[in-house]
Structures are given as structure tokens and as C-alpha cells.
**Student:** 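Structure in C-alpha cells, see below.
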Amino acid sequence: MHCEIYKLALHASWQCLLDCKVVQLPVKPVRIASKYGIECRLTDAFLTGGEAGKLIRRQSGKVQIVVNPKDTDSQKRFTILHELGHYLLGDCEPAADRFAASVLMPACVLLGANALDPVKISTLCRVSKAAAERRSKRLFWLLEHDQFIRHPLEHELFMQFQNFIYNRR
């Protein structure tokens, strides 16, 4: 089950980046959400119990992501994409987490740009040090197990980022 959730979220992240025509890092979560007709707002008015964010579906059909304005920029970026993950994939927390991480730090792009070090990843993707360290470990695992660009969507995404990758080397 966990493996299927991982694959679903990963494929959705690639499709999202392709559909939104993202060609460089760091990605712009607010712009990505807007491509899906979702407005992002910084407010804690709708948040309870220390929530970082929430997906709100209005009776009018309008969809909003509200984000805690007190969070760090890297937390806000993750929260927007986490909530977008819920919008696209449903209520599964692991899927929303994986989706957000994969949009913020696409493995094929980081591998192509030779950004394997947590400091490089954190700076390039504007993510927390902890998130960058987890991604770095995953990148080394992908390299060790030859799991780099093995799906057509991932290959298409790699090609979409080709200029960015070339300019980063």
C-alpha cells in the first residue's frame, strides 16, 4: 500500500510540474496553486490547534489554501504544496507529504544539476535543512540503485528542466 501511495504522489508531482510548465528551481508554490484555480492566503483565522495550513472549499466552488503567517518561508512553501497534494490526491497525509517534497525538490532535476549536498538542495530549492538532508539521502539511494529517470513522465520533466540543469553545472 505504501509503495502505491508513493508512486501515485510521485507521478502526480511530475505531472503537476509538467502541466504548470515549471522550468527552474526554486518552484513557486503560489503560482502552481493558481494554475489549478486555487487562491493562497496568509491567515490563521481558519486554523486550529497549531495547524500549518488548510484546504478550504467554499460553497461558491472557490478553493483556497490558508497558510499560517507565523511559519517560516520554507514551511509556508511546503504547506501550500502539501495542501495542493490533498486537493489532487485526497486526504492521505503520506501522499500529500510526498507530493509536496517531490514538487519542491524534484529528484531528476537535482541529480541532473549535480545538487546532491543538503546545503545545495536547501539553497536551490528554498527548503529547510532537515528536508534537504532527507532528499539528499534519497538521491544517493536513487543513484546507488540506478533509479534515475526510469519513467516517461520523469524523463519528460528532466527535458523540461534541461536549460536550468545545463546552467547549474
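Reckoned from all heavy atoms, side chains included, excluding hydrogens, waters and symmetry mates. If you're wondering where the values come from, they're calculated on a predicted model, not measured in any experiment.
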**Student:** Can you name the ring-ring contact (aromatic ring centres under 6.0 Å, His included) partners of Phe78, sequence neighbours left out?
**Tutor:**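 So Phe78 forms a ring-ring contact (aromatic ring centres under 6.0 Å, His included) with His82.
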**Student:** I need the full list of ring pair (Phe, Tyr, Trp, His ring centres under 6.0 Å) pairs touching residues 96-143, with sequence neighbours left out, sorted by first then second residue.
**Tutor:**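 Listed once each, the pairs are Trp141-His145.
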**Student:** Can you tell me how far CG of Leu116 sits from CG of Asn114, rounded to the nearest 0.5 angstrom?
**Tutor:**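 Asn114 atom CG to Leu116 atom CG measures 5.0 Å (nearest 0.5 Å).
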**Student:** Nearest 0.5 Å, what's the CD1-CE distance between Ile149 and Met159?
**Tutor:**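 Here the interatomic distance stands at 9.0 Å.
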**Student:** Would one find more than 12 heavy atoms of other residues, nucleotides or ligands at under 6.0 Å from atom CG of Asp91?
**Tutor:**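 No, not enclosed.
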**Student:** Quick one: does any side-chain atom of Ser102 pair with a main-chain N or O of Arg98 as donor and acceptor, under 3.5 Å?
**Tutor:** yes
**Student:** What's the spacing between Ser128 OG and Asp73 CG if we round to 0.5 Å?
**Tutor:** 12.5 Å
**Student:** Drop me the distance from Leu104's CG to Leu110's CG, to the nearest 0.5 angstrom.
**Tutor:**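 So the gap between those two atoms works out to 10.5 Å.
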**Student:** When rounded to the nearest 0.5 angstrom, what is the spacing between CD in Gln162 and CG in Asn167?
**Tutor:** 10.5 Å
**Student:** Under the 3.5 angstrom rule, does the side chain of Glu51 hit a backbone N or O of Thr48 as a donor-acceptor pair?
**Tutor:** yes
**Student:** Could you pull out all residues at least two apart from Glu93 that satisfy salt bridge (charged side-chain N to carboxylate O under 4.0 Å, His left out)?
**Tutor:**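 By the salt bridge (charged side-chain N to carboxylate O under 4.0 Å, His left out) rule, Glu93 matches no residue at all.
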**Student:** Only counting residues at least two apart or in another chain, list the ones meeting side-chain contact (heavy atoms from CB on, under 4.5 Å) with Leu18.
**Tutor:** Gln15, Leu153, Glu156, Leu157, Gln160
**Student:** Val23 and Phe164: same hydrophobic cluster, using ILVMFWY side-chain contacts below 4.5 Å?
**Tutor:** no
**Student:** Any donor-acceptor pair under 3.5 Å linking the side chain of Lys76 with the backbone of Pro69?
**Tutor:** yes
**Student:** Hey, is CZ on Arg138 packed in by over 12 heavy atoms from elsewhere, all under 6.0 Å?
**Tutor:**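 Check passes, neighbour count above 12.
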**Student:** Heavy-atom distance under 4.5 Å between the side chains of Glu83 and Tyr87, does that happen here?
**Tutor:**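 With C-beta onward as the side chain, the pair stays apart.
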**Student:** Verify, without hydrogens or angle tests, whether Arg77 (side chain) and Val27 (backbone) share a donor-acceptor contact under 3.5 angstrom.
**Tutor:** yes
**Student:** Within 45° of the ring axis of Phe46 and under 6.0 Å from its six-membered ring centre, is that where the NZ or CZ of Arg57 lies?
**Tutor:** no
**Student:** Has the side chain of Arg126 got a donor or acceptor atom that lies under 3.5 Å from a matching backbone atom of Ser74?
**Tutor:** no
**Student:** Are any non-hydrogen side-chain atoms of Val103 and Pro29 less than 4.5 angstrom apart?
**Tutor:**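 Sidechains of Pro29 and Val103: no contact.
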**Student:** Hey, does Leu139 have a side-chain heavy atom less than 4.5 Å from the side chain of Leu143?
**Tutor:** no
**Student:** Check whether any side-chain heavy atom of Val109 sits under 4.5 Å from a side-chain heavy atom of Phe161, and report yes or no.
**Tutor:**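 A side-chain contact exists here, since the closest heavy-atom pair is under 4.5 Å.
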**Student:** Answer with yes or no whether the hydrophobic clustering places Ile56 together with Ile38; edges join I, L, V, M, F, W, Y residues whose side-chain heavy atoms lie under 4.5 Å apart.
**Tutor:**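 No, Ile56 and Ile38 fall in different hydrophobic clusters.
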**Student:** Out of curiosity, does Ile65 fall in the hydrophobic cluster containing Ile32 (side-chain heavy atoms, cut-off under 4.5 Å, transitive links)?
**Tutor:** yes
**Student:** Could you list all the side chain to side chain donor-acceptor pair (under 3.5 Å) pairs where at least one residue sits in residues 21-39, not counting sequence neighbours?
**Tutor:**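 Pairs touching residues 21-39 that pass the test: Glu39-Lys62, Glu39-Gln64.
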**Student:** His11: which residues meet the ring-ring contact (aromatic ring centres under 6.0 Å, His included) condition with it, sequence neighbours left out?
**Tutor:** Trp14, His151
**Student:** Counting distance only, does the side-chain N/O of Ser136 pair as donor-acceptor with the main-chain N or O of Ala132 below 3.5 Å?
**Tutor:**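 Not confirmed, Ser136 side chain does not pair with Ala132 backbone.
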**Student:** Would you say the side-chain atoms of Gln75 and Thr72 include a donor-acceptor pair closer than 3.5 Å?
**Tutor:**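 Indeed, the side chains of Gln75 and Thr72 share at least one donor-acceptor pair under 3.5 Å.
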**Student:** Distance from Cys108 atom SG to Ile165 atom CD1, nearest 0.5 Å?
**Tutor:**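 That separation rounds to 6.5 Å.
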**Student:** Please walk me through it: do Ile80 and Leu84 pass side-chain contact (heavy atoms from CB on, under 4.5 Å)?
**Tutor:** CA-CA 6 Å; Ile80 291 167; Leu84 180 61; 5.6 Å; no
**Student:** Taking all heavy atoms of Ala101 and all of Arg135, pick out the closest pair and write down the distance.
**Tutor:**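 Smallest heavy-atom distance, with atoms named: O-NH2, 3.7 Å.
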**Student:** Counting distance only, does the side-chain N/O of Asp44 pair as donor-acceptor with the main-chain N or O of Leu47 below 3.5 Å?
**Tutor:**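 Not at all, since once roles are kept as given, no pair shorter than 3.5 Å links the two residues.
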